[in-house]
Visitor: 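Would you mind keeping the following structure in view while I ask a few things?
Only a predicted model underlies this, so the values are computations on that prediction, with no experimental measurement involved.
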Amino acid sequence: MGTPSQGSAAVAAARVDLCALDLMPVFAKEMVAGGVAGAFSKTAIAPLERLKILLQTRTNEFRSLGVLSSLNKLRKHDGVLGFYKGNGASVLRIVPYAALHYMAYERYRCWILNNCPSLGTGPVVDLLAGSASGGTAVLCTYPLDLARTKLAFQVNNSDQPSSGLKRPKGPPSYGGIKDVFRGVYSEGGMRALYRGVGPTLMGILPYAGLKFYIYEGLKAHVPEDYKNSVTLKLSCGAAAGLFGQTLTYPLDVVRRQMQVQSHVKHDQFGGPRITGTFQGLKVIKQTQGWRQLFAGLSLNYIKVVPSVAIGFTAYDTMKHLLKIPPRENIKSDQGST
């Protein structure tokens, strides 16, 4: 049993920790909560995320396979750890991305409400704030997304010629995130690290905006007694995510193929090199068919729902642990200062 002095020291240490937590700004707590939630949700769906990238970029090898068959094929070649290839870069990207996304959304929303009163306080504000925050987060974290895609694109060579899973010639092999940065930077400098950012922005601006717009719009029609229902919030968020993903998914396919293509005149699909968003949409439609613009979309549907559910749960848990006050209290405190 500990002495009274040891017990007093433990209580004093706990009080110091509580004081340090209380001194932490609310926006910083929200960034931490959002980052942790993003890391948990990304890691949980990492196998589906990697398979989606392979469906988008390795059409000849995975087009005829279903989700389970594709996962089994991937396991045979890369093992269980292969499901998480590129997840390190993905987590490194999603933590600052999620933190910046939610913090920037709140900042942009407050700025619009204070400076553009003619827009009111409805979902239109959420549409604009969501789009702006999504673009801000993408620009700050895009090189990590590029590294994640290049690592996930790689599949180990197999000694079995009948497997049909071959490594395309041309793109170099990368051993890790630093190796990707070093190799890509040597190819084309800082501009190469942002290859594909055009279609990314064109996709994230409407997607992030629509996600917040639809989510807030659906919540506005929820009866007052169910406003705090986690199930309804998850349902609204999932519906918003699914709708936004469907509308902007072709741009995501263009982005992925721009990220993995090599510096040659013709890419691995036999068509001209993709150099822009609209040109990429046209090239993919002509050389791979319009269905390729939606390759992996059904898989994306499967991963969106658990991703949203895990993200919401982790975020709510972190808010409780970090003692973040409710949104209404934050607004009232800001208004009184």
Side-chain angles (χ1 to χ4, degrees), residues 21 24-46 49-50 52-53 84-111 126 129-152 174 176-182 184-185 190-205 207-209 211-212 237 241 244-245 248 251-252 255-256 259 303-304 307-308 310-319 321-322 324 330:
L21 189 61
M24 192 176 182
V26 173
F27 78 89
K29 294 180 181 179
E30 290 174 342
M31 290 182 69
V32 172
V36 171
F40 269 104
S41 62
K42 269 296 181 188
T43 301
I45 63 168
E49 180 67 23
R50 191 187 179 205
K52 186 196 75 169
I53 293 175
Y84 296 90
K85 184 179 288 186
N87 187 58
S90 182
V91 170
L92 283 178
R93 180 193 72 91
I94 201 62
V95 168
Y97 177 86
L100 285 170
H101 190 29
Y102 284 104
M103 185 202 68
Y105 166 74
E106 297 292 348
R107 298 294 174 177
Y108 285 132
R109 193 175 190 279
C110 289
W111 186 90
D126 299 297
S131 297
S133 62
T136 300
V138 163
L139 289 175
C140 293
T141 61
Y142 187 79
L144 288 170
D145 183 62
L146 178 71
R148 184 271 301 261
T149 301
K150 285 185 173 293
L151 290 172
Y174 300 105
I177 300 173
K178 291 183 179 179
D179 195 20
V180 174
F181 286 158
R182 189 182 301 111
V184 173
Y185 186 81
M190 185 61 67
R191 185 175 181 179
L193 291 173
Y194 281 85
R195 186 182 301 131
V197 73
T200 302
L201 286 174
M202 292 189 66
I204 196 62
L205 292 179
Y207 170 69
K211 183 174 64 175
F212 281 105
Q245 282 283 323
T248 61
L251 297 172
D252 188 51
R255 168 174 65 118
R256 297 299 185 193
Q259 289 176 335
K303 76 183 185 67
V304 162
S307 175
V308 171
I310 294 170
F312 265 93
T313 303
Y315 184 66
D316 287 340
T317 302
M318 289 302 300
K319 285 202 301 182
L321 293 175
L322 295 175
I324 299 177
I330 296 175

Visitor: Looking only at atom types and distance, does a side-chain atom of Tyr105 sit under 3.5 Å from a main-chain N or O of Asp126, one as donor and one as acceptor?
Guide: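 Flag not set: sc Tyr105 to bb Asp126 has no pair under 3.5 Å.
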
Visitor: Please find the pair of heavy atoms, one from Ala99 and one from Met31, that lie closest to each other, and give the distance.
Guide: CB-O, 3.3 Å

Visitor: How long is the gap from CG on Leu205 to OG1 on Thr248, to the nearest 0.5 Å?
Guide: 10.5 Å

Visitor: Under the rule for side chain to side chain donor-acceptor pair (under 3.5 Å), what residues qualify as partners of Tyr84, not counting sequence neighbours?
Guide: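 With sequence neighbours excluded, Tyr84 shows a side chain to side chain donor-acceptor pair (under 3.5 Å) to no residue whatsoever.
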
Visitor: To the nearest 0.5 angstrom, please state how far the CG atom of Asp145 sits from the OH atom of Tyr97.
Guide: 9.5 Å

Visitor: Under a 4.5 Å cut-off applied to non-hydrogen side-chain atoms, are Val138 and Leu201 in contact?
Guide: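 A side-chain contact exists here, since the closest heavy-atom pair is under 4.5 Å.
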
Visitor: In Å, rounded to the nearest 0.5 Å, how long is the span from NE2 of His101 to CD1 of Ile94?
Guide: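 Rounded to the nearest 0.5 Å, the NE2-CD1 separation comes to 9.0 Å.
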
Visitor: How close do Leu146 and Arg195 get, heavy atom to heavy atom, and via which atoms?
Guide: CD1-O, 4.1 Å

Visitor: Can you name the nearest heavy-atom pair linking Tyr185 to Met190, along with the distance?
Guide: CE1-N, 3.5 Å

Visitor: Within the structure provided, determine whether Phe181 and Leu193 are in side-chain contact (heavy-atom separation under 4.5 Å).
Guide: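 Yes; the side chains approach each other to less than 4.5 Å.
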
Visitor: If you compare all heavy atoms of Ala208 against all heavy atoms of Gly134, which two are closest, and at what distance to 0.1 Å?
Guide: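 Taking every non-hydrogen atom into account, CB-CA, 4.1 Å.
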
Visitor: With the side chain counted from C-beta on, respond yes when Tyr108 and Thr136 share a heavy-atom pair under 4.5 Å apart, and no when they do not.
Guide: yes

Visitor: Which pair of non-hydrogen atoms, one from Ser307 and one from Ser41, has the smallest distance, and what is that distance?
Guide: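 Closest pair (atom of Ser307, atom of Ser41, distance): O-CB, 3.6 Å.
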
Visitor: Testing the basics here: between Ala98 and Gly38, what is the closest heavy-atom pair and its distance to 0.1 Å?
Guide: CB-CA, 4.4 Å

